[in-house]
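Note that the structure is predicted; figures quoted are calculated from it, not measured. In what follows, chains are A, B, ... by sequence order, proteins preceding strands, each numbered from 1.
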Amino acid sequence: MIHVTLPDGTVNEYAVGITCAEVITDAIGKKHGCLAAKVNGAQCDLSTALDMNCSVEGILSESDEGIHILRHSAAHLLAQAVMELYPGALPTIGPAIDRGFYYDFAMDPLAEGDLKAIEKKMQELARRNFTVERVELSEGELRDHFAHNPYKIEIIDDKLEDGDGSTIYKQGEWYDLCLGPHVPNTSRLMFIKLTSVSSAYWRGDQEREQLVRIYGLVEPTKDALKATLRRMEEAKKRDHRKLGKDLQLFHIDEDVGQGLILWTPRGAVIRQELQDFISSHLRRQGYQHVFTPHIGKLDLYRTSGHFPYYQESQYPPLVERELMKKLADEGCTCGELSNLMKTGEIDGYMLKPMNCPHHVKIYASQPRSYRNLPLRLAEFGTVYRWEQSGEISGMTRVRGFTQDDAHLFVTENQIEAEVLGCIELVQIIFNVLGMTDYRVRVGLRDPDSTKYVGDPSRWEQAEHACRTAAESLGVEWSEEEGEAAFYGPKIDFVVKDVIGREWQLGTVQVDYNLPERFDLTYKGNDGELHRPVMIHRAPFGSMERFCGVLIEHFAGKFPTWLTPTQCHIITISEKHKAYAARVADELRELGVRVEVDDGDDTVGKKIRTHRKLQPAYMVILGDGEMEHETVSLRARNGDQIADISLEQFKQDLLTEIGEKHSQPSLVPATE
RNA sequence: GCCACUGUGGCUUAGUUGGUAGAGCAUCUGAUUCGUAAUCAGAAGGUCGGGAGUUCGAAUCUCCCCAGUGGCUCCA
C-alpha cells in the first residue's frame with residue numbers, strides 16, 4: 001500500500017499501481033475535469049501509475065499548466081490530421097506557445113484555404129475520441145519507429161544520451177516522439193481553430209530546410225474559443241497601423257521607401273510632447289543635449305567596429321562624387337568597390353546605424369578629468385538600418401528611426417548609480433503613461449565563452465549593477481545568461497503589441513569596448529590617465545516603435561497632454577461663429593491645441609466627424625454658452641456636462657494638461 | 001532575404017465562366033442654420049499596385065517587379 005497526499009492535506013491509502021486519474025476521481029468525483037496530474041510537483045499523465053508514497057494534484061484546463069497541455073495535445077492532433085490528409089508530409093516539432101500552438105511539417109507549401117479541411121479533419125479525429133497513450137521505448141525502438149523521418153532522428157541524436165530510451169505518444173495509428181504529458185483522449189480537443197499558415201526554418205536556421213508551419217488556437221470550451229476569437233477581433237481594432245491611418249498620425253509611402261516613417265502633423269505632436277517630457281527629466285538628471293549629423297566617414301565606423309562587421313544591417317556606404325566618377329571610368333564593378341571599402345583602400349560615408357561614435361568624438365574633443373564625470377550626452381538621434389524587407393512592419397520595425405539616445409561616460413565606480421538613474425527615468429515615464437505591462441531582461445555573459453571583452457571582475461561589478469537596477473523596478477525581470485553584448489551586460493525592456501508580439505523598447509548597456517577602441521581617457525585624481533566606461537541607454541528604444549506601442553496601449557485615446565488636438569470646438573449654428581473664434585483664441589493663447597468646426601453641417605454630423613479623431617473634449621457652443629460665457633463639454637464616451645464657465649474650464653484644462661492626468665476627466669461620468 | 005496570402009478613386013468596398021468599372025463615406029457646389037453618433041440635392045474623382053505577355057478583347061489568365069499582411073532569423 002502507498003500513501004497519497006492530496007492538495008487539501010488529506011492522506012489516502014491505495015494499492016500500488018493505482019493511477020493518478022483514479023486517485024483524483026476518488027478524491028473529488030468523476031467530473032473532476034482534469035487534463036493531467038502532478039506527482040510530487042512534476043507534471044504527468046492522468047494514466048500514470050503510482051508505486052510509492054507521493055503527493056498528487058490534478059491539472060485543470062483553466063490553469064496555465066493545463067492550457068499549455070491542451071495546446072500541446074492540440075498540436076499532436078493537428079499533426080495527426082495533416083498526416084491523414086497529406087501522407088507524404090513529415091512532422092517535425094509542434095510545441096504549445098503563448099497564444100496557442102503550432103506544428104512544423106516538411107511538405108509542399110499550403111495555402112490559407114487548405115486550413116479549413118485540416119481543421120475539419122481535426123474535429124473529426126477529436127470526435128472519434130482516441131485514447132492518448134504513452135509508450136516507453138528503447139533507443140533502438142525509437143530509431144526504428146522514426147527511421148523514415150530524419151527530423152525526428154536528429155532530435156533523438158541531439159536530445160538523448162547514448163543508450164537512453166524515451167517516450168512516444170500514440171493516438172490511433174498516429175504517434176509522435178514526445179515527453180508529454182498529454183490529455184487522456186482527443187475528445188478534449190474539440191474546440192480548435194487554425195489561424196494561419198506560414199513558413200519556418202528547421203531549428204530557426206536560415207541555412208536549413210524551410211518547413212510549413214501551421215498555427216492554431218485551442219480552448220477547453222466552445223465559449224472560451226469564441227471569447228478568444230472575439231478578443232482577437234477587438235485587438236485588431238487597436239492595431240497602430242490601422243489607428244495611425246484613422247487618426248492621421250503617420251504615413252508610409254512606397255515612393256519614399258519601405259520602413260520609412262513620415263510623421264504627419266498630428267503624430268508629430270505626440271512625438272514632440274513625449275520628447276519634451278523626456279527632455280525635462282534629462283535636464284533634471286544632469287544630461288546635456290547634443291546634435292550630430294546623419295552621416296559619418298567610413299573610417300569612423302571601422303574604428304567603432306560597425307563596419308564591416310554589421311554590414312548586412314546597414315545601408316550601403318555613400319561614396320564621394322569625384323571618387324565614384326573616377327572608379328566608374330576605370331570600370332570598377334560594384335563588387336570591387338565593396339571590397340575596396342572593406343579593406344579601407346577607399347573611403348566614403350555611412351548613414352549612421354548608431355549614434356555612439358559621434359558622441360564618443362564629442363567626449364574626445366577635449367581632455368577630460370574625473371571631475372567632469374559622469375558626462376551625459378543626450379540626443380534624439382536618427383539612425384538607419386537595413387532591415388530585411390519581410391521584417392518591416394508599421395512603426396514597430398522600420399529602417400529609419402530616432403532613438404531617445406544618450407551615452408554616459410563614467411568611472412568604474414559610478415556605473416551602478418548611473419544605471420540606476422537610467423532605470424529611474426524609464427520608471428517615471430512608464431508610470432505617467434500607465435504602462436505596467438512590460439518585462440525586463442537582464443543580459444549577462446556566458447561564463448564559459450571567451451567572446452567577451454573586458455576582464456571578468458569588472459563584468460562582475462557591472463552585472464551586479466544591472467541586477468540591482470532591475471530589482472529596483474519592482475516588475476517581472478529575468479536574468480539571461482549569454483544574452484549580454486560582447487562588450488558588456490545590458491538591461492532590456494520588452495512590451496507586447498496587441499497581437500501578442502513582443503518588442504524590445506528600451507535598453508541600458510554597459511560598454512567596455514568603445515572606450516578601448518577610441519582610446520578614451522580621463523585624468524584621475526592620481527594624476528594618471530584612466531579609461532572611462534560607457535553606458536548606452538535609450539529608455540524607449542525608438543520614438544517610432546515607442547509611439548506605435550503607445551497608440552495600441554491607449555487604443556488611440558491619448559491622455560489630454562498627448563492627444564494631437566485637445567479641444568474640438570463645435571458651433572450649433574452660424575450665430576456662434578464669433579464666440580467660437582474667441583474661445584479658440586483664448587485656449588490657443590494658453591497653448592491648448594484647438595480645432596474649430598463652425599461649418600454648416602448639423603451638430604450631430606459634426607460630432608460624428610470629430611469623434612473619429614479622438615480629441616480629449618468636444619466643446620459645444622450655442623446660444624446659452626454665448627450668453628453666459630460658458631462652454632459645454634462632450635467626452636469621448638458621449639458623456640456631457642453643460643454650462644461650465646469658460647474661465648473655470650480654462651483653469652481645469654491647464655491643470656489636467658500640466659499634471660499629465662492619465663485620461664481626460666473634466667466631464668463627470670454619468671453612471 | 002525566404003514561404004503563403006493580399007493590392008480596384010483619399011477611405012471602405014461590388015465586380016458572376018475574360019466583353020474596356022459600380023456603390024457608400026470623404027471632397028467640391030448649391031440649398032438648409034440645426035443643441036450632442038450621418039439634412040437634402042448636384043458635381044467632380046479610377047491608365048483596377050507597376051511592367052511585359054496570351055487573346056479580336058484582360059481588373060479578371062501567365063510571367064517579372066513593387067508594396068502590404070502573417071510567420072522564420074536578427075534587432076530599437
Side-chain angles (χ1 to χ4, degrees), chain A residues 102 104 108-115 195-215 236 239 241-242 245-246 248 251-255 257-259 310 312-313 353-355 381 383 385-398 400-405 485 492-494 499 501 503-507 509 536-546 548-549 570-577 598-612 618-625 632-635 637-642:
Chain A
Y102 68 80
D104 286 349
D108 291 332
L110 290 177
E112 207 102 334
D114 299 324
L115 294 183
T195 51
S196 69
V197 54
S198 65
S199 78
Y201 297 100
W202 171 235
R203 305 204 137 176
D205 185 346
Q206 241 184 89
E207 302 300 308
R208 307 207 52 183
E209 300 87 323
Q210 189 146 299
L211 307 171
V212 172
R213 173 172 295 183
I214 300 172
Y215 283 89
K236 260 193 207 157
D239 188 314
R241 290 165 298 192
K242 174 167 170 40
K245 195 177 271 179
D246 292 349
Q248 302 162 22
H251 172 66
I252 300 169
D253 195 295
E254 49 175 296
D255 289 338
Q258 232 191 337
Y310 296 104
E312 290 303 294
S313 55
M354 288 185 159
N355 299 305
V383 298
R385 297 185 191 172
W386 187 263
E387 295 291 346
Q388 299 192 83
S389 64
E391 265 312 314
I392 288 167
S393 171
M395 293 184 110
T396 41
R397 174 69 111 268
V398 295
F401 56 94
T402 303
Q403 296 179 308
D404 58 321
D405 209 359
D492 290 332
F493 302 90
V494 181
I499 314 184
R501 289 177 296 201
W503 298 103
Q504 183 181 318
L505 289 180
T507 181
Q509 306 184 359
H536 308 247
R537 46 105 284 180
F540 308 102
S542 79
M543 298 315 293
E544 283 76 6
R545 182 177 288 180
F546 189 68
V549 169
I570 288 173
T571 54
I572 300 291
S573 83
E574 238 167 36
K575 290 180 285 184
H576 315 114
K577 264 189 170 179
D598 56 7
D600 45 14
D601 282 330
T602 59
V603 178
K605 180 56 188 284
K606 289 188 205 176
I607 284 170
R608 190 184 165 85
T609 303
H610 290 268
R611 234 179 67 83
K612 290 184 183 146
M618 280 192 236
V619 180
I620 316 286
L621 303 179
D623 285 341
E625 290 79 6
S632 294
L633 300 179
R634 186 183 204 278
N637 62 2
D639 284 345
Q640 303 162 28
I641 179 170

Next item on the list: Counting Watson-Crick and G-U wobble pairs only, both distances under 3.5 Å, name the nucleotide matched with B:C40, or none.
Entry: B:G30

Item checked: Gap in Å between the two C1' atoms, one belonging to B:U8 and one to B:C48, rounded -> 4 Å

Checklist line | Nearest-Å distance once atom C1' is located in both B:C64 and B:G42 | finding: 45 Å

Checklist line | B:U47 pairs with, by Watson-Crick or G-U criteria that keep both distances under 3.5 Å | finding: none

Check: Reckon A:G204 touches a base, only the sugar-phosphate, or nothing at all at heavy-atom distances under 4.0 Å?
Finding: sugar-phosphate

Check: Nearest 0.5 Å, what's the CD-CZ distance between A:Q403 and A:R545?
Finding: 10.5 Å

Next item on the list: Kindly point out which of B:C75, B:C3, B:A26 is positioned nearest to the side chain of A:K605?
Entry: B:A26

Check: So what does A:R611 touch, heavy atoms closer than 4.0 Å: a base, only the sugar-phosphate, or nothing?
Finding: base

Check: Base, sugar-phosphate, or nothing for A:I392, non-hydrogen atoms under 4.0 angstrom?
Finding: sugar-phosphate

Note to self: Do A:L115 and A:I214 make a side-chain contact, defined as non-hydrogen atoms from C-beta onward lying under 4.5 Å apart?
What the structure shows: yes

Notebook entry, point to check: Of the candidate nucleotides B:U33, B:A38, B:G35, which contains the atom at the shortest distance from the side chain of A:S573?
Noted result: B:U33

Check: When the C1' atoms of B:C11 and B:U27 are considered, how many whole Å apart are they?
Finding: 12 Å

Note to self: Working to the nearest 0.5 angstrom, can you tell me the gap between A:K236 NZ and A:R241 CZ?
What the structure shows: 10.5 Å

Check: Rounded to the nearest Å, what distance is computed from the NE2 atom of residue A:H610 to the C1' atom of nucleotide B:A26?
Finding: 13 Å

Item checked: N/O (side chain, A:R634) to phosphate O (OP1/OP2, B:A37) under 4.0 Å -> yes

Next item on the list: Please state whether the phosphate of B:U39, meaning OP1 or OP2, lies under 4.0 angstrom from any side-chain nitrogen or oxygen of A:T602.
Entry: yes

Checklist line | Complementary nucleotide of B:A23, counting Watson-Crick and G-U pairs under 3.5 Å | finding: B:U12

Note to self: With a 3.5 Å limit on both atom pairs, tell me what B:U54 is paired to, counting Watson-Crick and G-U wobble, or say none.
What the structure shows: none

Checklist line | Listed nucleotide nearest any side-chain atom of A:I620, set B:A76, B:A37, B:G35 | finding: B:G35

Checklist line | Phosphate contact (B:C3 OP1 or OP2) by A:S198 side-chain N/O below 4.0 Å | finding: no

Next item on the list: Assess whether one donor atom and one acceptor atom, taken from the side chain of A:E625 and the base of B:G35, lie less than 3.5 Å apart.
Entry: yes

Check: Do the side chain of A:R397 and the base of B:C75 come within less than 3.5 angstrom through a donor-acceptor pair of N or O atoms?
Finding: yes

Item checked: Distance, P atom - from B:U69 to B:U13, rounded to whole angstrom -> 15 Å

Check: Contact class for A:D623 vs. all strands (heavy atom < 4.0 Å): base, sugar-phosphate, or nothing?
Finding: base

Notebook entry, point to check: Hey, does the side chain of A:E544 reach the backbone of A:T402 with a donor-acceptor pair shorter than 3.5 angstrom?
Noted result: yes

Note to self: Using a 3.5 Å distance criterion without hydrogens, assess whether the side chain of A:R213 forms a donor-acceptor pair with backbone atoms of A:S198.
What the structure shows: no

Check: When rounded to the nearest Å, what value does the distance between P atoms of B:C28 and B:A14 take?
Finding: 27 Å

Next item on the list: Report which part of the nucleic acid A:S632 touches: base, sugar-phosphate, or nothing (heavy-atom distance under 4.0 Å, all strands).
Entry: base

Next item on the list: Give a yes/no verdict on base stacking between B:A76 and A:F401: centres under 5.5 Å, planes within less than 30° of parallel.
Entry: yes

Check: Touch check for A:R385, heavy atoms < 4.0 angstrom, all strands: base, sugar-phosphate only, or nothing?
Finding: base

Item checked: A:I607 side chain, from C-beta outward: closest of B:A76, B:U36, B:G1 -> B:U36

Note to self: Within the 4.0 Å heavy-atom criterion, would you say A:F546 contacts the bases, only the backbone, or no part of the nucleic acid?
What the structure shows: nothing

Next item on the list: Compare all side-chain heavy atoms of A:Y201 with those of A:E207 and state whether any distance is below 4.5 angstrom.
Entry: no

Check: What is the nucleic acid contact for A:D205, judged by heavy atoms within less than 4.0 Å: base, sugar-phosphate only, or nothing?
Finding: nothing

Margin query: So A:L110, base contact, sugar-phosphate only, or nothing? Heavy-atom distance under 4.0 Å.
Written below: sugar-phosphate

Checklist line | Whole-angstrom distance between B:G45 and B:G57, as gauged at atom C1' | finding: 27 Å

Notebook entry, point to check: Of the nucleotides B:U69, B:A4, B:G35, which one has an atom closest to the side chain of A:S393?
Noted result: B:U69

Item checked: Touch class at under 4.0 angstrom, heavy-atom based, for A:V212 against every strand present -> nothing

Notebook entry, point to check: Do the side chain of A:K612 and the main chain of A:D246 share a donor and acceptor less than 3.5 angstrom apart?
Noted result: no

Note to self: Quick check: on RNA chain B, is the nucleotide nearest A:M395 upstream (toward 5') of the one nearest A:Q258, or the reverse? Name the residue that is more 5'.
What the structure shows: A:Q258

Note to self: Looking at A:Q504, I'd like to know whether one of its side-chain N or O atoms comes within less than 4.0 Å of OP1 or OP2 on B:A76.
What the structure shows: yes

Checklist line | RNA chain B: 5'-proximal contact among A:W386 and A:D239 (nearest heavy atom) | finding: A:W386

Check: Whole-Å distance between B:C5 C1' and A:D114 CG?
Finding: 12 Å

Notebook entry, point to check: A:R545 side chain: which of B:C75, B:C72, B:U33 is closest?
Noted result: B:C75

Next item on the list: Send over the distance from A:Q388 CD to B:C75 C1', rounded to a whole Å.
Entry: 11 Å

Notebook entry, point to check: Can you tell me if the side-chain N/O atoms of A:K245 get under 4.0 Å from OP1 or OP2 in B:A26?
Noted result: no

Notebook entry, point to check: According to the Watson-Crick and G-U wobble definitions, with both distances under 3.5 Å, which nucleotide is paired to B:G68?
Noted result: B:C5

Next item on the list: Please work out if A:G604 contacts a base, only the sugar-phosphate, or nothing of the nucleic acid, heavy-atom cut-off 4.0 Å.
Entry: sugar-phosphate

Checklist line | Donor/acceptor link under 3.5 angstrom from A:S196 side chain onto base of B:G71 | finding: no

Check: Is any side-chain N or O of A:E387 under 3.5 Å from a base N or O of B:A76, one able to act as donor and the other as acceptor?
Finding: yes

Item checked: Pairwise P distance for B:U12 and B:G49, with rounding to whole Å -> 14 Å

Check: Roughly how far apart, to the nearest Å, are B:A41 and B:A26 at atom P?
Finding: 13 Å

Notebook entry, point to check: When we call it a touch if two heavy atoms are under 4.0 Å apart, what does A:G624 touch: a base, just sugar-phosphate, or nothing?
Noted result: base

Next item on the list: Using a 4.5 Å cut-off on heavy atoms from C-beta on, say whether the side chain of A:M395 contacts that of A:V549.
Entry: no

Checklist line | Interatomic distance where CD1 belongs to A:I570 and C1' belongs to B:U33 [whole Å] | finding: 15 Å

Check: What nucleic acid atoms does A:V603 come within less than 4.0 Å of, heavy atoms only: base, sugar-phosphate, or nothing?
Finding: sugar-phosphate

Next item on the list: Specify the separation, in whole Å, of atom CD of A:Q210 and atom P of B:C72.
Entry: 12 Å

Next item on the list: Establish whether the base of B:G1 is bridged to the side chain of A:Y201 by a donor-acceptor pair shorter than 3.5 Å.
Entry: yes

Checklist line | Donor-acceptor pair, side chain of A:D404 and main chain of A:G541, under 3.5 angstrom | finding: yes

